[in-house]
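To keep things clear, I will list the structure first and then write my remarks on it.
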Number of protein chains: 2
Amino acid sequence: MNKSKEKILASAKELFHEYGFQQTSVDEILKKSGVTKSNFYYHFKSKEELGLIILERFIKQYEADVLMKTLGNKSLSPSGRLVEFYNSVKTFHRDLQNPKGCPFGNMAIEMSGSNENFREKLSAFFNSWEKVIEECINEGMSTGDFRSDLHPGVVAQLILSHLEGAIMMVKTHRSIEPLSSGSETIMRLLKAA
Amino acid sequence: MNKSKEKILASAKELFHEYGFQQTSVDEILKKSGVTKSNFYYHFKSKEELGLIILERFIKQYEADVLMKTLGNKSLSPSGRLVEFYNSVKTFHRDLQNPKGCPFGNMAIEMSGSNENFREKLSAFFNSWEKVIEECINEGMSTGDFRSDLHPGVVAQLILSHLEGAIMMVKTHRSIEPLSSGSETIMRLLKAA
DNA sequence: TTATTAGAACTAACCAGTCAGTACTAAACA
DNA sequence: TGTTTAGTACTGACTGGTTAGTTCTAATAA
């Protein structure tokens, strides 16, 4: 059931990632999904509502499919988890013919200045993402995986900031290099002496 | 002379930074600058041409007013230059009531996927920015300011990626903290043992 | 004279969003 | 059994407004 609604969600998710929220018109979503405009407004009260629903879904999916399976994988060592996390991010961005950037980072830059609903959701998600990294770093400092002369929270913040910036560079230079070489350097800088 | 042209350039520069290129209409630029539409198209053949000219000007201004005066200030030690650079970036973003993000990073995310002219200019600028950082790091490794067990180019790339990501976080969280604490951590990680 | 500016009317495409009405299904009723 | 009712999903035509860009005439400044 709700075949049209799911088609809209799937098409819009792709278009928002590739072109951004504001640069994607409702008509383009309609064209891609093959749904009529009136049906669209039967399922969603506005384009903004659709965008927020897609963002929420994407966050939940990312937490379950990426964060929990890499940074939260307790069967690996803390440094092994971080490496796995970087690998999955690299795979996500390398598989694209022309890199579309981080869905969350793109939206944060595009929407934070003009829409508080998007900004608040993204700010909260970045915080929780940071927390997941922090836990991994904290454990790695105990086990001796990582140097322990820094605050885990500060290191986690640095890792996430760097990741978002590196993905921006991947998109701008059309090359995976800034992410792969940057993540390797982060791993080296974090190694215990 | 060219009073109208300069007014257009100044108004559009601010609007592009605050709302982005695509989200700023020509009519809004006209309203802010007090120039008529026919006059606008007398000076610029299109909105895209205006955007590219503003980007070029902004790059040159940034290289002269920020990069050369901080990272290129040979009267300071290499680590002193890097600290000065971070200070000037922090000041730029802290002075804003609500942070608008990095003009170059914003534009890179907004335009890289849809306009090759913007993407190429931004990619080239990020490369040259990286080179300026690399020179400072390289010299700092010789003087003993920085640890020298890493390639200066790779470190420079990491610094720039992190900076852009941190500014994204400043914009999203509406707080300067990710940038100030991140830059401090970078300085610590780079210190010679 | 030549460069610049003003003004206003215009186009064609696009924008988000609305509307009255249709089609189908399934349960409730009599 | 046949009839009513209700909810869900859907449609095509439409509205009012905005977009970048054009075309004209006429005034003003260097």
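Closest to the A/Ser25 side chain, of the nucleotides D/dG21, C/dG17, C/dC15, is C/dC15.
In this structure, NZ of B/Lys47 is placed 5 Å from P of D/dA20, rounded to the nearest angstrom. Following rounding to the nearest Å, A/Phe21 (CZ) and C/dC15 (P) show an atom-to-atom distance of 13 Å. Atom NZ of B/Lys5 and atom P of C/dA3 are 13 Å apart (whole Å). Per the geometry, CZ belonging to A/Phe40 stands 16 Å off P belonging to D/dA9, to the nearest Å. For the pair A/Ile8 CD1 and D/dA9 P, the interatomic distance rounds to 12 Å; values are reported in whole Å. Protein atom CG of B/Asp27 is 14 Å distant from nucleotide atom C1' of C/dC15, rounded to whole Å. For A/Gln22 and C/dC14, the CD to P distance is 19 Å, given to the nearest whole Å. Rounded to whole Å, atom C1' of D/dG21 lies 14 Å from atom CD of B/Glu48.
Scanning atom types as modelled, no donor and acceptor separated by under 3.5 angstrom connect the side chain of A/Lys3 and the base of D/dA9. No hydrogens or angles were tested; on distance alone, nothing pairs the side chain of A/Lys37 with the base of D/dG12 as donor and acceptor under 3.5 Å.
Put simply, A/Tyr41 has a side-chain N or O that comes within less than 4.0 Å of OP1 or OP2 on C/dG17. At least one side-chain nitrogen or oxygen of B/Ser4 sits closer than 4.0 Å to the OP1 or OP2 atom of C/dT5. Remark: A/Asn39 is in phosphate contact with D/dT11, judged by side-chain N or O atoms under 4.0 Å from OP1 or OP2. Residue A/Tyr42 has no polar side-chain atom (N or O) positioned under 4.0 Å from OP1 or OP2 of D/dC10. For C/dA3, neither phosphate oxygen OP1 nor OP2 lies less than 4.0 angstrom from any side-chain nitrogen or oxygen of B/His43.
Ring centroids of A/Phe125 and A/Phe104 are separated by less than 6.0 Å, placing the two rings close together. Remark: aromatic rings of B/Phe58 and B/Tyr62 are distant, center separation not under 6.0 Å.
With contacts defined as side-chain heavy-atom distances shorter than 4.5 Å, the pair A/Thr143/A/Ser77 does not qualify.
Between B/Glu116 and B/Arg119 a salt bridge is recorded (basic side-chain N to carboxylate O distance below 4.0 Å).
No side-chain N or O of B/Ser25 forms a donor-acceptor pair with one of B/Asp27 less than 3.5 Å apart.
Within 4.0 Å (heavy atoms only), A/Ser38 reaches at least one base atom of the nucleic acid.
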